Amino acid sequence: MMEFFKFIGHGFDIFMQYTAFANVTVGHLIMITVGLIFLYLAITKEYEPLLLVPIGFGILIGNIPFAEAANLKVGIYEEGSVLSYLYYGVTHGIYPPLIFLGIGAMTDFSTLLSNPKLIILGAAAQIGIFGAYTIALALGYLPQQAAAIAIIGGADGPTAIFLSAKLAPELTGAIAISAYSYMALVPVIQPPIMKLLTTPKERTIRMKPPRQVSKLEKVLFPIVGLLLTCSITPSAIPLLGMLFFGNLLKESGVTKRLAETARGALIDIVTILIGLTVGASTQATTFLTAKSVGIFVLGAVSFIIATTGGILFVKFLNLFLSDKNKINPLIGNAGVSAVPDSARVSQTVGLQYDPTNHLLMHAMAPNVAGVIGSAVAAGIMLSFFVG
């Protein structure tokens with residue numbers, strides 16, 4: 001009987017060695033807490049729930065402790081695991097172009113076409129990328145790592161993943177988490193900066209209503225846009241090619257089924273996969289390092305510089321514009337490519353000072369320009385460091 005109980009006890013000891021309770025670390029508990037915070041913000045505050053719910057739950061999945069030495073093939077960093085196969089689309093830059101295809105199919109470039117000068121606001125906001133690049137270099141990051149980190153300033157998760165997968169794959173998880181976190185926190189981060197940098201009078205500037213854009217202009221734009229931007233930076237073809245292709249599917253009027261699939265089922269599936277695997281990549285034993293924390297801080301700096309740059313550039317332009325053509329600087333924040341959240345922030349803040357002044361239609365112009373701008377910036381970075 002004693003032998004039987006010894007056998008049971010030994011079996012129980014072995015069983016316990018494989019449980020999360022025996023393998024948990026403080027890092028796991030920290031990351032699980034972060035995952036719960038993400039879920040709270042998504043479900044209770046409704047901050048980008050389509051992103052934060054998959055990412056938050058992915059963080060929980062990735063931080064259930066297990067015996068890593070046992071080669072169970074359950075962790076995202078274990079070759080042959082299901083999560084590892086799903087994460088392949090992140091580490092090899094497969095998911096981002098598919099996301100861009102869906103974004104193109106759901107984006108209306110009419111406001112940009114009706115007021116083309118607003119495209120430079122999308123370009124101005126990219127100063128955050130190059131500002132953060134300089135800071136990252138000064139802090140000792142390698143040039144390729146600095147470039148991958150800096151792209152967080154564009155507030156464009158797919159572009160950040162695409163570039164980091166090419167230049168600094170070892171940092172992809174930290175960069176992706178940072179980029180998507182700041183995309184979700186746009187309504188929290190940007191309003192204080194917008195209010196700080198503008199005067200009450202500037203916040204109530206009324207802009208001319210956008211003109212009606214013809215179907216021919218809408219159809220030609222993705223074709224001309226592709227040829228122009230990709231001629232300047234061919235390295236961005238995977239992103240810009242899919243973005244403009246998706247937009248052509250939408251605007252041509254003859255491929256409605258394809259456009260609906262791209263902006264519906266396809267982008268939803270890819271969002272689930274990218275969010276879940278990016279979240280799971282925060283496995284504490286691999287992810288939780290001083291470098292990851294540093295990336296998160298640099299991402300915040302990059303995002304703040306981008307928002308500030310967009311707003312200040314509008315104020316600079318207004319020095320040369322007549323009163324009837326002035327631009328409300330509250331739309332300068334929308335140059336970061338968190339579509340459509342940064343444009344909604346412009347609208348929300350503007351209504352606080354004039355309930356009848358609707359800025360959303362104007363803010364969408366620099367917002368969609370920011371999508372193109374961040375992809376072009378990523379292409380420029382790739383041109384310097386790949387090859």
Side-chain angles (χ1 to χ4, degrees), residues 41 44-48 52 111 115 117-132 135 152-156 178-209 296-321 323-371 373-374:
L41 293 174
T44 305
K45 301 295 184 180
E46 296 189 12
Y47 292 162
E48 282 288 346
L52 287 194
T111 53
N115 195 356
K117 69 174 178 286
L118 294 181
I119 195 171
I120 58 179
L121 302 187
Q126 307 313 313
I127 190 175
I129 294 174
F130 297 99
I135 295 172
I152 297 172
D156 189 336
S178 297
Y180 278 113
S181 296
Y182 294 121
M183 285 177 66
L185 294 175
V186 160
V188 177
I189 298 173
Q190 287 195 324
I193 301 172
M194 296 162 66
K195 295 174 183 178
L196 178 66
L197 297 177
T198 57
T199 65
K201 183 179 179 180
E202 288 174 329
R203 297 171 201 147
T204 56
I205 291 176
R206 287 181 173 269
M207 299 174 63
K208 286 183 178 180
F296 200 81
V297 173
L298 280 172
V301 172
S302 177
F303 190 71
I304 291 170
I305 293 174
T307 303
T308 301
I311 295 168
L312 293 181
F313 191 75
V314 173
K315 291 165 70 77
F316 174 74
L317 281 181
N318 281 342
L319 296 175
F320 307 96
L321 298 175
D323 288 342
K324 65 179 181 179
N325 290 318
K326 287 190 183 298
I327 303 169
N328 192 312
L330 289 180
I331 73 169
N333 73 294
V336 299
S337 60
V339 180
D341 290 308
S342 53
R344 287 175 181 162
V345 170
S346 302
Q347 167 85 347
T348 301
V349 176
L351 290 177
Q352 292 175 7
Y353 297 93
D354 183 352
T356 64
N357 190 13
H358 297 277
L359 296 174
L360 182 61
M361 56 185 172
H362 302 292
M364 282 304 298
N367 206 187
V368 296
V371 176
S374 64

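Because only heavy atoms are used, hydrogens play no part in the values below, and waters and symmetry mates are left out as well, while side chains stay in. All values reported here derive from a predicted model rather than from experimental measurement.
- Put simply, the side chain of I127 does not reach to within 4.5 Å of the side chain of F313, judged on heavy atoms.
- Counting only heavy atoms from C-beta outward, the side chains of V345 and P191 approach each other to under 4.5 Å.
- Interatomic distance, CG of L359 versus CD of Q347, reported as 6.0 Å (0.5 Å rounding).
- A distance of 10.0 Å separates CG in N325 from CG in N318, rounded to the nearest 0.5 Å.
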Evaluation steps, side-chain hydrogen bond (donor to acceptor under 3.5 Å, both in side chains), between S342 and N367 = CA-CA 7 Å; S342 53; N367 206 187; 2.9 Å; yes
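- T44 contributes no side-chain N or O that, together with a main-chain N or O of L41, makes up a donor-acceptor pair within less than 3.5 Å.
- Between G370 and Q126, the shortest heavy-atom contact is O-NE2, 3.6 Å.
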Under the side chain to side chain contact (heavy atoms under 4.5 Å, CB included) rule, what do T356 and R206 come out as? Steps first, then yes or no, please.
-> CA-CA 10 Å; T356 64; R206 287 181 173 269; 2.4 Å; yes
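- For residues 342-367, there are no ring-ring contact (aromatic ring centres under 6.0 Å, His included) pairs, not counting sequence neighbours.
- Scanning both residues, S302 and A132, for their nearest heavy atoms gives CB-CB, 3.3 Å.
- In this structure a side-chain-to-backbone donor-acceptor pair under 3.5 Å is missing from Y47 to S181.
- Between the CG atom in L52 and the CE atom in M183 there is a gap of 9.5 Å [rounded to 0.5 Å].
- Side-chain contact check for I189 versus T307: every heavy-atom pair is 4.5 Å or farther apart.
- Annotation: the span from K326 atom NZ to L317 atom CG amounts to 10.0 Å, rounded to 0.5 Å.
- Atom NZ of K195 is separated from atom CD1 of I311 by 12.0 Å, given to the nearest 0.5 angstrom.
- Enclosure of atom CD1 in I305 by more than 12 non-hydrogen atoms of other residues, nucleotides or ligands within 6.0 angstrom is indicated.
- With rounding to the nearest 0.5 Å, the separation of CG in N328 from CE in M207 is 7.0 Å.
- Residue K117 places its NZ atom among more than 12 non-hydrogen atoms of other residues, nucleotides or ligands, all under 6.0 Å distant.
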Kindly determine whether L118 and N115 satisfy side chain to side chain contact (heavy atoms under 4.5 Å, CB included), including the steps that lead there.
-> CA-CA 6 Å; L118 294 181; N115 195 356; 3.5 Å; yes
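- For the pair R203 and N357, the minimum side-chain heavy-atom distance is 4.5 Å or more.
- In the model, N333 has a side-chain atom that pairs as donor or acceptor with a side-chain atom of S346 under 3.5 Å.
- The shortest distance between side-chain heavy atoms of L121 and V314 falls below 4.5 Å.
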